[in-house]
Amino acid sequence: MGKQALSPGDPTSFSRPELVAVTHIHLSLDVDFKEKKLKGKADLTIDRRSQETTQLVLDSRDLSISNVKVQSTGQTLEYSLGSSIGTFGCSLTIQLPVEVPQGLVLSVEYETSSSASALQWLSAEQTVGKQHPYLFSQCQAIHARSMVPCQDTPSSKITYSAEISAPEALVVLMSALQDEAGRSLNSPRPGTKFHCFRQPVPIPTYLIAIAVGHLESRQIGPRSRVWSEKELVDRAAFEFDQTETFLQTAEQLCGPYVWGQYDLLVLPSSFPFGGMENPCITFVTPTLLAGDKSLANVVAHEIAHSWTGNLVTNRTFEDFWLNEGWTVFVERKIKGRVQGEAARQFCAIGGLKELHETVERRGSTDPLTCLVHDLRGVDPDDAFSSVPYEKGHTFLYYLEHQLGGPEAFEPFMKAYLDHFKFKSISTEDWKNFLYDFFPGKHSVLNGIDWDSWLRKPGMPPHIPSYDTSYSDACTALADRWRKWSESPPMPFNPADWGNLSSEQHVEVLAQLLAGPALTPSKVATLGVTYNLASSQNAEIRFRWIRLGLKARWQPAIAPALQFVTEQGRMKYVRPIYRDLYDWEEARPHAISTYKQNRSSMMYVSAHTVAKDLHLEE
Ligand SMILES: CC/C=C\C/C=C\C[C@@H](O)/C=C/C=C/C=C\[C@@H](O)CCCC(=O)O
Ligand SMILES: [Zn+2]
């Protein structure tokens with residue numbers, strides 16, 4: 001597509017909210033598991049901001065539009081679908097009626113495609129319980145347009161409500177508050193029932209979410225339940241029992257929690273991300289169920305998004321670091337409050353390693369290793385990496401230090417969130433507010449190398465020296481393994497491992513992975529000594545498998561193929577598939593396994609792994 005922006009306001013959206021904006025969407029949809037489609041209508045409340053404009057432009061991807069009407073009069077409106085542009089879908093242009101009163105509602109009757117990129121439809125056999133089908137969505141970054149005709153750009157925010165009919169045995173959850181008062185008078189199809197929702201806080205469309213399945217819940221706090229299939233729900237309630245503590249800590253740091261409910265939904269294992277910050281109900285992967293709460297930092301991350309990303313939102317995904325860098329920063333602030341500053345800095349050390357690996361893999365001149373992106377002609381899914389997260393976090397940590405430490409920076413953070421709440425902003429907006437907030441520190445701010453931090457590729461221009469008190473023991477053990485000549489007697493024992501926490505185990509393996517390849521025999525000894533092959537901790541299993549692949553240790557291939565088959569979290573499957581592909585002997589196994597698994601992978605996982613395996617360009 002070349003470096004072509006789809007619209008002046010957002011390179012990844014056809015819509016023009018600056019001319020005519022959708023301010024509210026009401027969804028009346030039936031969940032048809034037989035055809036794997038959502039069918040019904042979207043009622044769009046519009047606000048014309050430019051009086052000469054006669055068209056409403058929406059984003060659409062593989063939607064079948066039946067008709068468009070003025071809701072109040074039934075007047076049919078002309079509409080046209082533009083030509084489809086790759087993964088961006090196409091424009092849906094609606095001719096407005098002559099009169100466009102404030103609050104006019106247009107009804108778009110439509111159905112989704114059975115291959116909608118935002119949705120995964122699972123058969124009963126693909127679920128844990130094997131009795132009922134399952135549906136869930138993942139809209140970030142630009143997949144909402146395959147689920148709803150909308151202005152699919154974070155530069156514009158909407159409230160939404162919904163009335164969903166689904167098989168009566170199933171539970172429907174959405175990124176909104178349950179609203180029984182919203183029930184309409186129509187009777188649903190036989191064997192189905194209605195579920196009503198309302199989201200009164202304005203959100204970007206990427207935060208519209210739905211899940212439908214045979215689900216149970218457990219109360220885990222005064223404003224929180226955890227939902228999943230019944231087989232997982234008690235494990236999940238245990239794993240995430242710090243949720244209210246995280247919420248209260250985040251409120252102290254960031255201000256009031258405006259969303260009311262904070263639930264968690266544990267998705268099927270094909271869910272492509274660790275978590276997704278859908279308002280009122282964070283979606284999480286079951287790979288967080290480590291059994292020792294050691295991976296609950298992802299919940300802290302998603303809770304932090306209730307402010308950074310969901311309340312104050314990147315205007316386009318070119319400023320994605322405003323969502324993710326700030327969220328990692330707040331996530332680790334929560335860690336610091338709950339477990340101490342040394343624990344916060346230990347997590348930052350781990351994050352820096354992930355950033356370093358990303359920059360090494362992409363190349364230090366790759367424009368997508370810049371903090372602020374140019375996404376003209378770029379599918380956000382292809383641009384996604386740890387850079388906005390970890391380079392963004394590093395920048396904010398550096399700024400905090402430069403501006404006087406937490407005592408000065410935390411009040412700025414709270415004021416920033418309050419000032420821009422419910423809005424969508426750019427990096428420039430953020431930087432201007434930073435200058436305004438620190439009138440006496442402009443000499444410090446003018447001394448910041450803004451261009452290198454924001455627009456230069458590669459590693460950050462400054463790497464903080466973090467407190468290593470939690471990582472020193474990890475470094476010592478990793479160094480001993482790296483330096484061991486492998487001559488007997490073997491100098492290691494399980495106590496080396498038993499004296500460290502799960503998070504420190506991850507760090508030991510991460511340090512070994514960051515260094516030169518170990519010998520196959522050393523990897524084998526490491527695995528036996530610490531019983532790594534049977535670890536239930538996904539972060540440990542992931543790095544253990546990669547260590548074996550890097551060492552060209554044959555017995556690592558089978559567990560690698562099993563791991564990428566058992567779950568579809570891209571953080572794990574993409575690096576492992578790439579490692580298998582890079583090992584010529586393992587490559588055919590990777591490709592055949594992918595082809596077997598593709599149909600049970602979520603769109604974004606299947607799409608990105610296909611590129612990693614050079615099966616798609
Ligand atoms: C820099 C690229 C610009 C925009 C990309 C935006 C979205 C990419 C799309 O693929 C969705 C990403 C969703 C991520 C959700 C959760 C992550 O915060 C965690 C991912 C890592 C993990 O699995 O823990
Ligand atoms: Zn995030």
Side-chain angles (χ1 to χ4, degrees), residues 10-13 87-88 117-118 137-144 152-154 204-207 209 267 269-279 282-288 295-310 313-332 347 350-351 354-355 358 362 366-393 427 454 457 506 538-539 542 567-576 602-609 611:
D10 183 335
T12 67
S13 167
T87 55
F88 298 100
S117 61
S137 68
Q138 169 56 37
C139 286
Q140 195 182 34
I142 61 169
H143 298 291
D152 199 12
T153 168
T205 50
Y206 74 77
L207 290 177
L267 275 299
S269 60
S270 58
F271 189 66
F273 299 108
M276 181 62 214
E277 62 270 18
N278 300 313
T282 280
F283 285 16
V284 294
T285 167
T287 62
L288 300 185
L295 305 182
N297 64 295
V298 171
V299 172
H301 180 95
E302 304 312 336
I303 284 172
H305 268 307
S306 306
W307 290 268
T308 49
N310 294 7
T313 306
N314 53 209
R315 178 169 300 146
T316 76
F317 287 107
E318 295 185 322
D319 291 307
F320 190 47
W321 84 274
L322 288 175
N323 277 22
E324 297 302 346
W326 264 112
T327 298
V328 173
F329 187 80
V330 175
E331 168 202 339
R332 290 178 182 152
C347 293
E354 297 196 10
L355 176 61
T358 297
R362 281 190 177 273
D366 181 339
L368 289 175
T369 61
C370 297
L371 193 55
V372 177
H373 295 300
D374 177 353
L375 290 183
R376 288 175 296 165
V378 178
D379 178 345
D381 288 339
D382 296 338
F384 180 74
S385 78
S386 67
V387 167
Y389 296 78
E390 294 299 343
K391 197 172 191 178
H393 166 271
T427 297
L454 297 177
V506 172
E539 293 291 327
F542 168 59
Q567 52 77 44
R569 185 176 176 183
M570 291 200 296
K571 175 182 181 181
Y572 301 144
V573 298
R574 293 193 68 186
I576 288 177
M602 179 97 194
Y603 164 84
V604 63
S605 306
H607 166 84
T608 47
V609 171
K611 293 197 169 187

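Note that this is a predicted model, so its numbers are computed, not measured. One-based numbering, in listed order, for ligands and for the atoms of each.
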[X] versus ligand 1: do any nitrogen or oxygen atoms come within less than 3.5 Å of each other?
X    : result
Y389 : yes
H305 : no
Q140 : no
M276 : no

Task: Proximal ligand 1 atoms for P388, defined as those under 4.0 Å from one of its heavy atoms - done: 1 (C)

Task: Per-atom contacts of ligand 1 with G275, taking only distances under 4.0 Å to non-hydrogen atoms - done: 15 (C), 16 (C)

- [ ] Using the six-membered ring wherever Trp is involved, compare the ring planes of F384 and F273 and label them parallel, tilted or perpendicular (cut-offs 30° and 60°).
- [x] perpendicular

Task: Check ion pair E390-R332 (N to O, under 4.0 angstrom) - done: yes

Task: Lys/Arg-Asp/Glu bridge criterion (N-O < 4.0 Å) met for E539, K571 - done: yes

Open item on the list: Taking backbone and side chain together, does E302 place any N/O/S atom at a distance below 2.8 Å from the Zn ion (ligand 2)?
Closed with: no

- [ ] Quick one: the NE2 of H301, the Zn ion (ligand 2), NE2 of H305 angle, rounded to 10°, please.
- [x] 100°

- [ ] Determine whether the side chain, the backbone, both or neither of E277 has a heavy atom under 4.0 Å from any heavy atom of ligand 1.
- [x] neither

Open item on the list: Does only the side chain of F320 get under 4.0 Å from ligand 1, or the backbone, or both, or neither? Count heavy atoms.
Closed with: side chain

Open item on the list: Contact between ligand 1 and V298 is defined here as a heavy atom of the residue under 4.0 Å from a ligand atom; is it met?
Closed with: no

